[in-house]
Every structure is written in structure tokens, then in C-alpha cells.
Amino acid sequence: MYAQVIVDVPHVETDKPFDYHIPSELRPHLTIGSRVSAPFGNRKIQGYVVGLSETTSVKKARDLEDVLDVVPPLTPELIELGEWMSERYLCRRYVSFQAMLPAALRSSYKKSLSLTEDGKQITLLIPQERQLMRFIEEKQPIDYDQLLKNFPGEKSFLLKALREGWLQAEQVVKDKVTRKTLLYVIKAESDQTLQQAAEALPKQASKQREILQFMLDLQHPIALRDLLAQLSASQSSAQALVSKGLLKMEEVEERRDPYAGRAFEQEAKVVFTPEQREVIDEIVFALNRPQPFSYLLRGVTGSGKTEVYLETIEHCLQMDRQAIVLVPEISLTPQMVNRFKAKFGDQVAVLHSGLSRGERYDEWRMIREGKVNVAVGARSAIFAPFTKLGLIIIDEEHEGSYKQEENPRYHAREVAKKRAELHGAVTVFGSATPALESYYEATKTETGLLEMPYRVNRRPMPSVSVVDMRDELKQGNRSMFSRLLAQGIETRLSRGEQMVLFLNRRGFSTFVMCRSCGHSLQCPHCDISLTYHRSNQTVRCHYCGHTERDASECPDCGSKHIRYFGTGTQKVEEELSRHFPGIRVIRMDVDTTGRKGSHEKWLTQFREGKGEVLLGTQMIAKGLDFPKVTLVGVIAADTILGMPDFRAAERTFQLLTQVGGRAGRHELPGEVIIQSYNPDHYSIQLAKNHDFEKFFAMEMKHRYEQNYPPFYRLVLFTFSSPDVPLVVKKADEWVKQLKRKLPSSVYLLGPVASPIPRIKDRYRFQCMIKYRDEADILSQIKLLSDSFIYANRNEDIGLTIDVDPHMLM
DNA sequence: AGCACGCCGACT
DNA sequence: GTCGGCGTGCTC
């Protein structure tokens with residue numbers, strides 16, 4: 001028997017199955033989807049089995065070394081999905097597979113050295129070499145990489161020693177996590193024997209008798225830890241019984257349940273609105289059909305989409321099928337998780353970035369082994385390895401976070417559709433402000449359109465005012481709060497109500513400039529201004545993390561006249577305290593929520609009324625629901641509009657609508673105040689009027705005129721290198737190549753320097769194509785890019801290809 | 001991607 | 001004469 005293996009060498013020349021012979025002792029443990037370790041060249045690496053065959057055309061097929069998991073991580077469906085992703089997003093197969101699995105399954109490779117018999121006898125000429133050999137002999141087996149670190153410059157000697165056979169290397173493919181195990185106590189003999197043994201025990205062995213009696217009463221295995229705790233016995237008593245052969249102990253794998261021991265508040269039975277009922281019925285109808293189908297559920301903020309999700313999942317489970325729910329990472333809040341845990345209890349696995357690698361792996365295994373039937377998580381949860389998938393829900397489907405910004409650059413929406421197709425499942429994409437692409441599809445009837453235009457209990461949408469900040473300036477108001485907003489804040493303070501203030505930018509200021517010499521602080525590795533963070537007196541680069549302490553002096557001329565421009569959350573916080581003495585502000589942004597669980601902490605504090613203002617970035621725009629919030633303020637609505645992005649208007653509209661949706665969801669009516677320097681922009685005006693249809697129509701017109709999605713598809717090519725002339729030359733060559741080989745109907749743009757022309761000391765140039773859905777454009781690009789990469793394998797030049805890009809940076 | 005093999009310049 | 005530069009080719 002032979003196995004076809006995709007190996008962990010994601011490169012042009014190795015992105016294909018390699019044939020290995022399966023040793024007979026491994027055969028029973030191996031199937032399609034297994035993760036294996038295998039010899040490759042002179043090293044040892046891991047790979048995934050994608051096929052089995054009786055014969056092979058390869059003459060020197062080598063033996064597989066080992067099978068790495070009891071349950072194969074990949075299912076046949078996931079293998080097919082991985083192949084599809086590789087074609088769709090132009091990435092290597094191995095990269096696709098790895099992206100579908102938890103990080104725990106990413107092996108680390110260790111090479112360790114030890115002396116051979118020859119090596120022990122050899123007498124070396126140089127004392128230095130003799131010393132090194134003796135060091136290895138003492139510590140062997142010793143890690144190769146570590147040795148290189150301790151003895152830099154000895155690499156050539158080590159290689160020679162290996163060549164001459166004085167040293168031997170052994171490589172290990174090692175998992176990154178260990179399975180957590182727990183010692184269990186099990187009866188080793190029949191009840192009768194144990195009973196007799198208990199009676200025969202000497203009097204002073206009272207603890208042992210107690211334990212035996214306990215095990216007889218219990219009738220099932222128990223964790224040693226728990227047994228000892230319950231009887232306040234010591235381990236030695238238990239051990240004594242084991243050595244008498246009456247009990248035995250066994251290691252059992254344990255799930256690290258991040259939610260263990262927590263009670264979840266049960267929700268009162270909900271009564272559905274007529275709209276909810278109708279939508280649920282429609283989805284359930286589709287669930288009952290064998291064909292795949294997808295819906296776009298457009299429901300205004302506060303229309304009760306979550307209840308629809310919960311109810312349809314319930315139906316899905318009753319049909320003995322499984323469900324995946326995707327939510328944006330930042331709205332994967334405890335409140336949200338609680339609702340699913342409360343309804344489905346042990347049936348739910350939760351996957352989010354707050355979990356440790358081990359916890360994530362354990363949740364994943366619950367899914368893989370069919371012990372849970374619902375997976376809730378962020379983007380990558382779309383790969384939850386269910387085998388009977390019935391329903392996939394993507395909440396806030398317009399969210400940019402569903403697009404992965406590294407290889408494979410997939411979009412979860414598209415992967416969801418592919419998986420639904422493979423399973424005959426139903427997908428539901430929910431949003432108050434659907435992505436243009438999604439709404440467009442829904443109007444073309446390939447997708448069913450479901451609408452929930454009213455808030456639960458017909459609560460009114462909040463009233464929205466837009467303030468022209470240019471006017472404020474003319475009237476002599478130079479603060480960052482317009483008079484209307486300041487008054488709004490004042491009123492809420494006096495009424496004891498709460499408010500949410502939103503600013504799409506973290507830090508204190510956007511750029512820092514010296515007023516003496518005009519020098520502005522730039523990152524030394526990226527072409528980007530540094531951002532000042534007041535809390536710890538540092539300036540930081542948001543791209544590479546470069547940090548400079550002490551920004552009080554100009555690095556160029558030494559002057560102390562440093563000025564901070566622009567507005568960040570920290571600055572707003574300061575201004576608030578200045579304008580409204582005594583105000584209690586809870587600030588949430590990447591800087592204050594860095595630590596695990598701090599996100600939850602701040603929200604709880606706000607809920608408990610420990611602050612009047614919740615001030616934050618993106619992360620407070622979604623899903624939050626606080627009864628006492630009656631005012632939502634947007635400090636600067638234009639931040640996104642100024643970005644070099646054809647989706648800027650769409651993102652502004654979505655953001656303003658979402659933020660506005662945080663107000664007045666309960667008894668108290670809500671008000672929204674948007675401050676802007678472009679108050680007449682259609683994205684702002686239409687968000688004010690809650691008019692999605694009109695926005696859709698206008699934006700579609702723009703996209704049509706400019707040949708942008710959804711009318712045209714885009715592929716973005718980015719070249720990077722520390723060598724400027726080289727990038728320019730290569731990018732140029734590439735564009736000429738495309739011009740020659742692609743149909744003339746394809747638009748070619750660039751090459752130009754990227755909006756951020758340098759990141760981490762690499763210069764960046766980019767070009768883009770726009771094309772209609774011509775069948776094999778992507779496969780042509782794949783051929784071209786593969787030969788480009790091959791031809792330039794000795795140059796330090798990177799090429800990244802982003803199919804349907806979201807960020808044009 | 002790694003790693004070995006193999007062919008040309010500056011050192012013991 | 002050898003060490004080490006990096007171009008070329010291969011990995012089941």
C-alpha cells in the first residue's frame with residue numbers, strides 16, 4: 001500500500017502529492033486525512049495523506065515514519081475543500097490544509113546531535129574542536145539549533161563532523177501541545193472480590209477500606225484527584241490498593257473546558273415577532289430539502305436576528321445535523337457565547353482567540369469526534385470539522401474580518417458556500433448592512449433574500465443628527481466636541497443615563513511633528529508615521545510594532561517643541577475629563593484590552609454603571625446591548641472616507657449604521673450624533689436616514705462606473721524587496737507579462753508604489769487587474785506566478801497575490 | 001523551503 | 001593547495 005502525501009514544504013516545486021510506502025504496522029492506523037511524519041530528502045517532516053493506492057509509479061518510494069494522530073485531522077470533505085481553496089486563492093495545498101486546522105497540529109522540527117562510536121575515538125587537531133566534541137558528548141542528545149546559537153561559527157565544523165560520521169543527527173517531528181491527561185481510578189476485580197478484600201483488610205488500613213467501599217458504591221471510574229479530595233485520603237492509600245491488584249489507574253485524556261463550572265443563565269421562552277416567525281419557517285423549509293441553499297437575512301439593528309439563529313439551529317440539531325455560527329471576533333463576547341451555551345449547553349464548542357492553544361485544540365477535537373454539534377467562533381471556525389453539516393450562519397456578514405489577510409487569503413462567506421455545497425447545507429448570512437456583493441447576489445435570485453425591517457416591539461430607530469464640524473469651527477468652537485454633542489453629553493450626565501462615544505482610531509495622536517525643524521516621527525523600518533501613546537509615553541509603529549521610548553525630544557534637532565496632531569482615543573478621554581469634570585470614562589481599544597479577559601471586564605464595569613461613557617474604537621460598534629445607553633456619538637465620521645479604498649463609502653455607511661444601532665434598544669429612546677467634515681457625503685446622509693436601499697443603488701452606480709466589484713473582480717499583486725530597483729524592475733516585467741498573456745478585456749493597473757511603500761525594511765510595489773468572471777483567468781495567473789517565482793528563486797523578492805482583495809494597501 | 005553538490009576567488 | 005561563496009537541482 002502507498003499513501004499520497006502533501007508535505008510541509010509549501011513551495012512551487014513541492015506542491016503536489018508524494019508517494020510513500022505504508023509499513024504494515026502503520027496500515028491499521030492510517031486513512032485519508034491522516035497526519036503523518038515522513039522522510040523528505042535528508043530531513044523529516046510532517047504531511048497529510050490525501051490518497052491511497054495499491055501501486056505506485058515512483059521507484060524509490062520511501063517508508064512513512066509514523067502516524068501522528070489517533071483520529072485523522074482532515075475529513076475527505078476538508079481535503080476537497082482544501083484543494084478548492086488552493087485553486088481559488090492561489091496558495092499551496094499544504095497552506096490550505098494547515099489553515100483549516102488548529103495551531104496545535106503544526107509540528108515543530110527538532111534536530112538533535114549525538115556522538116557516534118567513530119566520533120568518540122577520533123582525536124581532533126584543534127583544541128577548540130576537541131572541546132566542542134566533548135561538550136556534545138556530555139550533553140547528548142543535544143539540540144542542533146541551540147548548539148549553533150551557543151557556538152556561532154562552528155557550523156562548518158559540525159557539518160563536516162556529520163559528513164565524516166563522527167556525529168549523528170536525529171530528527172523528531174514534535175507536536176506543539178500535549179494532550180492533558182488525568183489519572184483515573186478503575187476497579188481491577190469483580191465487586192465480590194473487592195468486597196471480600198475490603199473485609200480482609202487489617203483494621204489500621206481504614207482509609208483503604210473506605211476507598212474500596214466508595215468505588216463499590218460509585219460503580220464507575222473516577223479521577224484520582226476527585227477521589228482523594230472527597231475522602232480526604234492520601235495518594236499512598238490508593239497506591240496500596242493498586243499494588244494489591246484490587247484497583248488500577250489509567251490515564252484518560254481530558255478536555256480543557258474553558259467554560260467549566262460556569263452556570264449559564266437560561267433565557268425566558270421567546271415569543272417571535274411575525275417577521276421572525278416567517279424567516280424561521282423559510283430557513284427550516286430549506287433545511288428540509290437536500291439541496292444546498294443560501295439566504296441573505298437583512299434585519300435592521302435590534303430586529304432580533306440572534307433569536308432566528310438560535311431557533312433554526314435547534315431545528316437543524318433535531319434533524320441530526322450540525323451547525324456552524326460565525327461572528328466577528330470582536331463581538332464574540334461572553335454575552336454572545338452565553339446565549340448559545342444557555343440554549344445548547346454541552347452541544348457547543350466555542351473557538352476564539354482568547355483560548356490557549358491547548359484549549360482551542362480541545363474544543364476542536366470535540367467537534368472532530370462528533371461530541372458537540374454546534375461550533376461558534378470567528379473566521380476560522382468555518383473549518384469546524386463536522387461531517388453532517390446542515391446549517392452555516394454568518395452574522396454581520398459584511399464585516400471585513402471574514403477576509404483573511406494572510407495566506408490562504410480566503411473569505412469565510414465564500415468558503416461557507418463551498419462547504420454548504422459539499423454538504424447540501426443551508427447558509428444564512430445576516431446583517432443590517434449587507435456587503436454590496438451579497439445584496440447584489442440576493443437581487444439576482446441566486447440567494448434568497450429575507451428581511452426583518454422592524455425592531456423588536458416596533459421600537460423606533462434612533463434619531464440621527466449630523467453636525468458639520470466646519471461650521472463649529474467658524475462659530476469659534478475649536479474643541480473636538482460640537483455644541484450639540486457637548487449638550488447631549490451634559491444631558492445624559494444629569495439624567496444618569498449612559499452613552500457610547502466612538503472614534504475609529506487608537507492611540508493619542510496620528511502623527512508627531514517637531515515644530516522647530518518640521519521633522520515628523522517616522523518608523524525607521526516602515527514608511528509610516530509613528531503614533532504617540534500617552535499612557536506609557538511611547539511612540540509606536542502600528543505596522544511592525546517598533547517602539548520608541550521618550551518622545552519629548554526631536555531626534556533630528558533635539559528641540560523640545562514637539563506637537564501631536566490628529567485625535568486618538570486617549571486624547572478624547574483627556575478632553576472629556578477636561579470638559580466634564582468628574583465624568584467616568586471606560587476606554588476600550590487594543591491598548592486597554594490587550595490582556596485576556598480585559599475586554600469582558602470593561603464591559604461588565606460599564607454595564608454595572610461604573611462609568612457614564614464607553615469610549616472606544618471599532619470593537620464597540622457591534623453586538624453590544626446596554627439598556628441605559630441613550631446617546632451614541634461619533635467623534636469623526638470621516639476617518640474611513642479618506643482612505644485609499646473603493647469600499648470607503650460602504651464601510652462608512654456600515655459603521656455609522658452599526659454604531660447607531662447601539663442606541664435606544666430598550667425602553668429609553670436613543671439619539672445618535674455624528675460629527676463630520678463631509679456631512680453631505682451620501683454615505684453619511686443615507687446612514688442618517690437608515691436608508692440602505694438608496695445607499696445600495698447609489699454605491700452600485702459608482703462601482704459600475706469605475707469597474708469595481710461586484711461588476712468586476714480584482715486581483716492584487718504586491719512585490720516586496722529590500723532592493724528598490726529590483727522591485728521596480730520585477731513589477732514592471734510582471735505587468736508586461738500579464739499584458740501579453742491575459743485577454744485584452746482585462747484591465748491592468750500599475751505598477752505603482754504601495755500606499756505603504758515600505759514595511760519592515762522591504763519596499764513594496766503593487767499592480768492590480770480588473771476582470772469579468774472569465775473562467776480561467778485565475779489558472780492562467782497561477783501558471784504565470786509559478787514560473788515567476790521559479791525564475792526568481794535566487795532573488796530576494798516576494799510576490800503576494802490577493803484574489804478579491806479587501807485592503808488595497 | 002532546505003540541503004547537497006559543484007565549480008570559481010582569497011587565505012593558511 | 002583548501003575554505004567558502006552562491007548558482008543548480010532534487011526531494012516520494
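Here is how names work: the chains are called A, B, and so on, in the same order as the sequence lines, proteins then strands, and each is numbered from 1. The figures here come from the full heavy-atom set of this structure, side chains too, leaving out hydrogens, waters and symmetry mates.
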**Item:** Length of the line joining A:Asp63:CG and C:dC12:P, which is rounded to integer Å
**Value:** 12 Å
**Prompt:** For the pair made of NZ in A:Lys44 and P in B:dG2, what is the distance, rounded to whole Å?
**Reply:** 17 Å
**Complete:** From the list A:Glu77, A:Lys388, A:Gln322, side-chain hydrogen bond (donor to acceptor under 3.5 Å, both in side chains) partner of A:His423 resolves to A:Glu77
**Prompt:** So, do A:Arg764 and A:Val727 sit near enough that their side-chain heavy atoms are less than 4.5 Å apart?
**Reply:** no
**Message:** Nearest whole Å is fine: how far is C:dT11 C1' from A:Gln46 CD?
**Reply:** 17 Å
**Message:** OP1 or OP2 of C:dT11 versus the side-chain N and O atoms of A:Lys16: is any pair under 4.0 Å?
**Reply:** no
**Asked** Touch check for A:Phe40, heavy atoms < 4.0 angstrom, all strands: base, sugar-phosphate only, or nothing?
**Response** base
**Prompt:** What's the CZ-P distance between A:Arg92 and B:dG2, to the nearest Å?
**Reply:** 14 Å
**Message:** Nearest to the side chain of A:Arg793, heavy atoms from C-beta on, is which of B:dG2, C:dG9, C:dC12?
**Reply:** C:dG9
**Fill in**
Whole-Å distance, A:Arg62 CZ to C:dT11 C1', equals 8 Å
**Residue pair A:Gln766 / A:Pro755, side-chain heavy-atom distance below 4.5 Å** = yes
**Asked** Rounded to whole angstrom units, what separation is found between the OH atom of A:Tyr790 and the C1' atom of C:dT11?
**Response** 13 Å
**Asked** If you look at every strand shown and take non-hydrogen atoms under 4.0 Å, does A:Pro17 touch a base, only sugar-phosphate, or nothing?
**Response** nothing
**Asked** What closest approach, in Å, do A:Glu369 and A:Lys371 show between heavy atoms, and which atom pair accounts for it?
**Response** OE1-NZ, 2.9 Å
**Asked** Out of C:dT11, C:dG7, C:dC12, which has the shortest distance to the side chain of A:Asn794?
**Response** C:dG7
**Message:** For A:Tyr48, run the side-chain hydrogen bond (donor to acceptor under 3.5 Å, both in side chains) check against A:Arg93, A:Gln98, A:Arg35 and tell me which one passes.
**Reply:** A:Gln98
**Prompt:** Is there a side-chain polar atom (N or O) of A:Asn42 under 4.0 Å from OP1 or OP2 of B:dA4?
**Reply:** yes
**Complete:** From CG of A:Asp15 across to P of C:dC12 the rounded distance in Å is 16 Å
**Prompt:** Expressed in angstrom and rounded to an integer, what is the separation of A:Asp796 atom CG from C:dC6 atom C1'?
**Reply:** 14 Å
**Asked** Looking for any heavy atom pair under 4.0 Å, which part of the strands does A:Glu13 touch: base, sugar-phosphate only, or nothing?
**Response** base
